[in-house]
Amino acid sequence: MDVTKAIIPAAGLGTRFLPYTKAIPKEMLPLLNKPAIQYIIEEGLSAEINNFLVITGKNKDAIANHFDAHPELETFLKERNKSELMASTEKILRSTYFTYIRQSEPLGLGHAIWLARHAIGKEYFSIFLPDDIIISKVPAITQLIKIARQEKGSVIAVQEVSPDSVSSYGIVGIKKQITPNLFQVSHLVEKPHPKDAPSNLAIIGRYVLSSKIFTSLQDISGYAMGELQLTDAISHMMKNNEKVFAFKVQGVRYDIGTPIGWMKAVIGMALQDPYYAPHIKKFIASIDTPESFLYNSSKNIEHQL
Ligand code: UTP
């Protein structure tokens with residue numbers, strides 16, 4: 001089973017991050033010195049996925065611009081021996097195909113995926129929700145592809161969540177536990193009340209799915225109320241004999257769809273980075289001391305770094 005294509009649905013309105021998201025896509029939020037979506041592409045490339053179908057909407061042009069050549073800037077940097085500043089994006093440009101598909105109205109995640117149907121053949125493909133940044137030794141999508149090959153079925157990434165959080169996620173029902181981290185799925189429930197949740201395993205933003213999902217999306221679109229849900233289509237696909245597995249991905253997941261989640265990601269990632277970590281650790285250690293800027297409005301933060 002080769003998985004070489006990824007759909008990245010990025011057409012949501014980002015209401016939890018307004019007003020930032022009014023004109024700027026949240027996929028372009030900075031995480032250290034790169035926009036969030038660059039981490040998603042790099043995760044895909046490390047799993048030999050090089051064909052990205054990005055579902056975009058209004059005000060999302062910055063994403064396509066970021067992954068485009070910029071000859072003037074390249075020449076400018078080359079003349080000053082600073083080409084390494086763009087090395088990571090150059091590498092992406094050399095090895096990646098991007099297709100942008102416009103979703104003219106935010107009709108749901110299922111609808112966004114369905115729009116990419118013409119670009120996917122009869123093959124397994126991946127989905128990356130760009131709100132979820134997963135930092136791990138083995139890239140999260142590589143972990144899922146391995147399971148999809150082993151079990152010859154579709155795989156969803158899951159994470160254990162507390163009972164009071166289940167109502168924010170799609171939750172998986174378990175048919176069979178195969179290993180401590182791998183489950184065969186019986187059904188899916190979208191945002192259940194804690195007492196109706198079939199487990200505490202929440203779906204997070206990585207999937208490897210059979211192309212049968214497009215038939216299911218088509219079949220359920222007729223009776224979908226409001227947004228077309230991907231979870232409903234996955235449940236429908238299971239009824240049509242596609243096996244679906246849930247895998248507890250190993251790694252740290254940051255949900256950058258809210259300001260707090262994004263702040264945690266910036267701090268968490270900075271603390272893991274050899275260049276940024278010493279600066280941030282020193283800054284954090286100095287914050288709650290009587291000498292800090294918190295208690296001395298005249299102090300210049302810059303001098304503490
Ligand atoms: P969310 O439900 O998180 O929505 O979508 P959102 O618009 O991004 O953010 P909020 O909730 O308004 O703050 C999950 C993923 O599905 C995409 C989003 O871009 C996000 O990556 N999506 C959602 C679409 O591409 N189209 C849609 O119609 C809905």
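All ligand and atom numbering here is 1-based and tracks the order in the structure. The chain is numbered in sequence order, starting from 1.
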Completion exercise
Logged contact type for Lys26 with ligand 1, heavy-atom cut-off 4.0 Å, is side chain
Completion exercise
for atom 14 (C) of ligand 1, nearest protein heavy atom and its distance come out as Leu129 CD1, 4.5 Å
Exercise for the section: Would you check if there is a donor-acceptor pair between the side chains of Glu123 and Ser211 at a distance under 3.5 Å? Expected result: no
Practice task
Starting from atom 16 (O) of ligand 1, find the nearest protein heavy-atom neighbour and note its residue, name and distance.
Solution key: Leu109 CD1, 3.5 Å
Practice task
Please determine if Arg80 forms a cation-pi arrangement with Phe76, meaning its NZ or CZ atom is less than 6.0 Å from the six-membered ring centre and no more than 45° off the ring axis.
Solution key: yes
Exercise for the section: Check whether any heavy atom of Glu105 sits under 4.0 Å from an atom of ligand 1. Expected result: no
Fill in the blank from the handout: Checking heavy atoms under 4.0 Å, the part of Ile55 that sits near ligand 1 is neither
Practice task
Please answer whether the main-chain N or O of Arg206 pairs with a side-chain N or O of Asp132 as donor and acceptor at a distance below 3.5 Å.
Solution key: no
Handout entry: Closest protein heavy atom to atom 18 (C) of ligand 1, given as residue, atom name and distance to 0.1 Å
Key = Gly12 N, 3.6 Å
Problem - Exam field: side chain Glu43 to backbone Tyr39, donor-acceptor pair closer than 3.5 Å - result: no
Problem - Proximity of Phe214 and Phe125 rings by center, below 6.0 Å - result: yes
Practice task
Using a strict 4.0 Å cut-off to heavy atoms of Gln103, name the atoms of ligand 1 that fall inside it.
Solution key: 24 (C), 25 (O), 26 (N), 27 (C), 28 (O)
Exercise for the section: Answer with yes or no whether the hydrophobic clustering places Tyr254 together with Val266; edges join I, L, V, M, F, W, Y residues whose side-chain heavy atoms lie under 4.5 Å apart. Expected result: yes
Handout entry: Verify atom 5 (O) of ligand 1: protein non-hydrogen atom under 4.0 angstrom away
Key = no
Practice task
Give the atoms of ligand 1, by number and element, whose distance to some non-hydrogen atom of Pro130 is under 4.0 Å.
Solution key: 21 (O)
Practice task
Report, as yes or no, whether the 6.0 Å neighbourhood of atom CD on Glu105 holds more than 12 heavy atoms from other residues, nucleotides or ligands.
Solution key: no
Practice task
For Pro9, counting its heavy atoms only, list the atoms of ligand 1 lying under 4.0 Å from any of them.
Solution key: 17 (C), 18 (C), 19 (O), 20 (C), 21 (O), 25 (O)
Problem - Charged N-O contact under 4.0 Å between Lys91 and Glu42 - result: no
Practice task
Please check if a non-hydrogen protein atom sits closer than 4.0 Å to atom 9 (O) of ligand 1.
Solution key: yes
Problem - Co-membership, hydrophobic cluster, residues Ile174 and Tyr207, 4.5 Å side-chain - result: yes
Practice task
Please could you name the atoms of ligand 1 that Asp131 approaches to less than 4.0 Å, counting only its heavy atoms?
Solution key: 3 (O)
Handout entry: Pair Thr89, Gln38: side-chain N/O donor-acceptor within cut-off below 3.5 Å
Key = no
Practice task
Give the cluster check for Val249 versus Val252: same hydrophobic cluster or not, with ILVMFWY residues linked at side-chain heavy-atom distances below 4.5 Å.
Solution key: yes
Practice task
Record the part of Ala112 in heavy-atom contact with ligand 1 below 4.0 Å; permitted values are side chain, backbone, both and neither.
Solution key: side chain
Handout entry: Is_contact(atom 2 (O) of ligand 1), protein non-hydrogen, under 4.0 Å
Key = no
Practice task
Identify whether NZ of Lys or CZ of Arg in Lys191 sits under 6.0 Å from the centre of the six-membered ring of Tyr169 and within 45° of that ring's axis.
Solution key: no
Fill in the blank from the handout: For Leu13, the atoms of ligand 1 under 4.0 Å from one of its heavy atoms are 7 (O)
Problem - Distance-only polar pair, side chains of His111 and Gln103, donor-acceptor under 3.5 Å - result: yes
Completion exercise
Within 4.0 Å of some non-hydrogen atom of Pro106, the atoms of ligand 1 are 28 (O)
Practice task
Give the atoms of ligand 1, by number and element, whose distance to some non-hydrogen atom of Ala10 is under 4.0 Å.
Solution key: 19 (O), 25 (O)
Problem - Contact atoms of ligand 1, heavy-atom distance to Gly108 under 4.0 Å - result: 26 (N), 27 (C), 28 (O), 29 (C)
Practice task
List the closest protein heavy-atom neighbour of atom 11 (O) of ligand 1: residue, atom name, distance to the nearest 0.1 Å.
Solution key: Arg16 NE, 3.1 Å
Exercise for the section: Pick, from Ile101, Thr15, Ile7, Leu107, the option with the minimum heavy-atom distance to atom 12 (O) of ligand 1. Expected result: Thr15
Exercise for the section: State if His111 counts as touching ligand 1 under the rule of any non-hydrogen atom under 4.0 Å. Expected result: no
Problem - Thr231-Glu190 side chain donor-acceptor pair, cut-off 3.5 Å - result: yes
Practice task
Check whether any N or O atom of Gly14, backbone or side chain, sits under 3.5 Å from an N or O atom of ligand 1, and answer yes or no.
Solution key: yes
Practice task
May I ask you to identify the nearest protein heavy atom to atom 25 (O) of ligand 1, giving residue, atom name and distance to one decimal place in Å?
Solution key: Ala11 N, 2.9 Å
